[in-house]
Amino acid sequence: MATQITAGTSELRDITKMERIGAHSHVRGLGLDDRLEPRDNSQGMVGQGKARKAAGMILRMVQDGRIAGRAILFAGPPSTGKTAIALGMAQTLGQDVPFTMIAASEVFSLSMSKTEALTQAIRRSIGVRIREETEIIEGEVVEIQIDRSLTGATKTGKLTIKTTDMETIYDLGTKMIDALSKEKVLAGDVIVIDKTSGKISKLGRSFTRSRDYDAMGADTKFVQCPEGEIQKRKEVVHTVSLHEIDVINSRTQGFLALFAGDTGEIKPELREQINTKVAEWREEGKAEIIPGVLFIDEVHMLDIECFSFLNRALENELSPLVIMASNRGMSRIRGTNVRSPHGLPVDLLDRVLIVSTRPYSEEEIQQIIQIRCEEEDVTLTSDALNVLTSMASSTTLRYALNLISCAQMISRKRKAEQVGVEDLRRAYTYFMDEKRSVQWLKEQQGSLVFEEISVSTTAEKGGAADTMET
Ligand SMILES: Nc1ncnc2c1ncn2[C@@H]1O[C@H](COP(=O)(O)OP(=O)(O)OP(=O)(O)O)[C@@H](O)[C@H]1O
Ligand SMILES: [Mg+2]
């Protein structure tokens, strides 16, 4: 074996979860009960019972490790909750099971080949749970002493740490000093230091210090001073994805690339070595493979090469569950002149289980609007709620949801607490929905630039205009 393959020691989580009110921030799960029956209105989910139940069944199988290398397609008209359900699945999966979400068009916009982008996405969705023995230092901090050089550029120091049985002094370098100050470690804290990664975690404050006068928050946790040796061996379990192992071991990339997200292409030979190594770990009982979920939104935007690559990848031993979503009916497969259902080639369609989503009833739309209002902290008068619901039925659900915050702005201007019908009406006149926009374009014939698109160019370009939602 040429290179040493390591799994790294840090636990990394995707940083995609954002704390803002996004289009799907109200979705907290699939809203199913223990028997996987959909509840009427739960975890931010309303209606679409069959699809949610199907999603729940699939999840159950993933969690039992019984399904991998399979593919599911959510097919249905725009804004019928395909993306929302997939995100609900992600929330239900649990911390340990990887979930990767890409929009098909991302595959084309990265600075790497399409197949490489897909391979990375696939390997991101396969977790490796690794058991390792690591050396740790555990004890109560007695004293931290830091000496700064005159310029402040280098720091050295000493850390005195004790258990009930012994006391030791460690020399500190700049890196450890920074880590200690970042964690705000003080004398009297009980800490654990992972010797391989240098990661410091605070367990709490020692009971012996509970009477100290210094200011403590209400959430201060008190723990006993540890017993026995200061240095111990401890078994730790951590989950990393195959892609993370790839990047960490790729000599040109290194660890930092994981945070920068700029990973470039990874050599196939390296991947092979890693696969062999992981298989070895598995046999030794050191590692476990956790097939996760890869969600490809707007999957009709992939082209024929990607589809055939996916076909092959699904048959691979290390393959995640692939969930796709498409809002296309019969449409051209990108990169060919063939029409096919959902814009997917028939051989791929043959391998997937198709779950369809249907448009919502008026009552369901009303409930979704209410949920969104709560999420965005907007109060509608009951008349306004009815008006917005009927607007959603005559335009689209998304348009109506977008109007909520616009109408709120208008109502704030007149210093009202609640959003009324009048605010909605005004928002409706400021912002056009798709139907009115088409109508308007017809009326404006000729006055806009680049209106006419000849048939031949559309065929060359591939995808027609797509909805913006990802
Ligand atoms: N069953 C539901 N319960 C609660 N909210 C929903 C539900 N279905 C959809 N929504 C919300 O409605 C909006 C549109 O739904 P979503 O984006 O999931 O549609 P989509 O099927 O992915 O459409 P497209 O094909 O255009 O991508 C989102 O804000 C979504 O969170
Ligand atoms: Mg979508």
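Just follow the structure's listing: the first ligand is 1, and inside any ligand the first atom is 1.
- The closest approach between Arg372 and ligand 1 stays at or above 4.0 Å for every heavy atom of the residue.
- Checking side-chain atoms of Lys435 against main-chain N and O of Ser394 turns up a donor-acceptor pair under 3.5 Å.
- Residues Leu401 and Thr396 fail the side-chain proximity criterion, which asks for heavy atoms closer than 4.5 Å.
- With a heavy-atom cut-off of 4.0 Å, Ile368 touches ligand 1 through its side chain alone.
- The line from OG of Ser390 to CD of Gln366 is 9.5 Å long, rounded to the nearest 0.5 Å.
- Checking only distances, Val27 never comes within under 3.5 Å of ligand 1, N or O to N or O.
- Using a 4.0 Å cut-off to heavy atoms of Asn327, the atoms of ligand 1 that qualify are 24 (P), 25 (O), 26 (O).
- Residue-level proximity to ligand 1 for Arg52 is absent, since no heavy atom of it falls below 4.0 angstrom.
- Residue contacts with ligand 1 leave out Gly76, since none of its heavy atoms falls under 4.0 Å from the ligand.
- Residue Leu401 has no nitrogen or oxygen atom sitting less than 3.5 Å from a nitrogen or oxygen atom of ligand 1, judged on distance alone.
- Ligand 1 places these atoms under 4.0 Å from at least one heavy atom of Gly44: 3 (N), 4 (C), 5 (N).
- Applying the 4.0 Å criterion to heavy atoms of Pro78 picks out, from ligand 1, the atoms 23 (O), 24 (P), 25 (O), 26 (O).
- Neither side chain, Gln418 nor Thr381, offers a donor N or O lying under 3.5 Å from an acceptor on the other.
- Of the candidates Leu30, Val46, Thr80, Thr357, the one placing a heavy atom closest to atom 3 (N) of ligand 1 is Val46.
- Residue Tyr360 places a heavy atom under 4.0 Å from ligand 1.
- Remark: ligand 1 and Gly81 share an N or O pair separated by less than 3.5 Å (distance only, no angle test).
- For ligand 1, the atoms closer than 4.0 angstrom to any heavy atom of Glu298 are 27 (O).
- In this structure, His26 has a heavy atom closer than 4.0 Å to ligand 1.
- Between Ser326 and Val299, the closest heavy-atom pair is CB-CG1, 3.9 Å.
- Counting backbone and side-chain atoms alike, Asn327 contributes no N/O/S atom closer than 2.8 Å to the Mg ion (ligand 2).
- In terms of polar-atom proximity, Asp297 is not counted as a contact of ligand 1, lacking any N or O under 3.5 Å from an N or O of the ligand.
- A donor-acceptor pair shorter than 3.5 Å cannot be found between the side chains of Glu363 and Gln367.
- Cation-pi contact between Arg436 and Phe431: absent, since separation from the ring centre below 6.0 Å together with deviation from the ring axis within 45° is not met.
- Across all non-hydrogen atoms, the minimal contact from Ala400 to Leu388 is O-CD1, 3.8 Å.
- Of the possible donor and acceptor atoms, one in the side chain of Arg334 sits under 3.5 Å from a partner among the backbone N and O of Met301.
- Looking at Ala84 next to ligand 1, an N or O pair under 3.5 Å apart turns up.
- Of the N and O atoms on the side chains of Glu132 and His238, at least one donor lies less than 3.5 Å from an acceptor on the other residue.
- Using a 4.0 Å cutoff on heavy atoms, Leu397 counts as a contact of ligand 1.
- Remark: ligand 1 and His24 share an N or O pair separated by less than 3.5 Å (distance only, no angle test).
- Judged purely by distance below 3.5 Å, without hydrogens or angles, the side chains of Tyr430 and Arg425 never pair a donor atom with an acceptor atom.
- Remark: the Arg123 side chain and the His243 side chain contain no N/O donor-acceptor pair separated by less than 3.5 Å.
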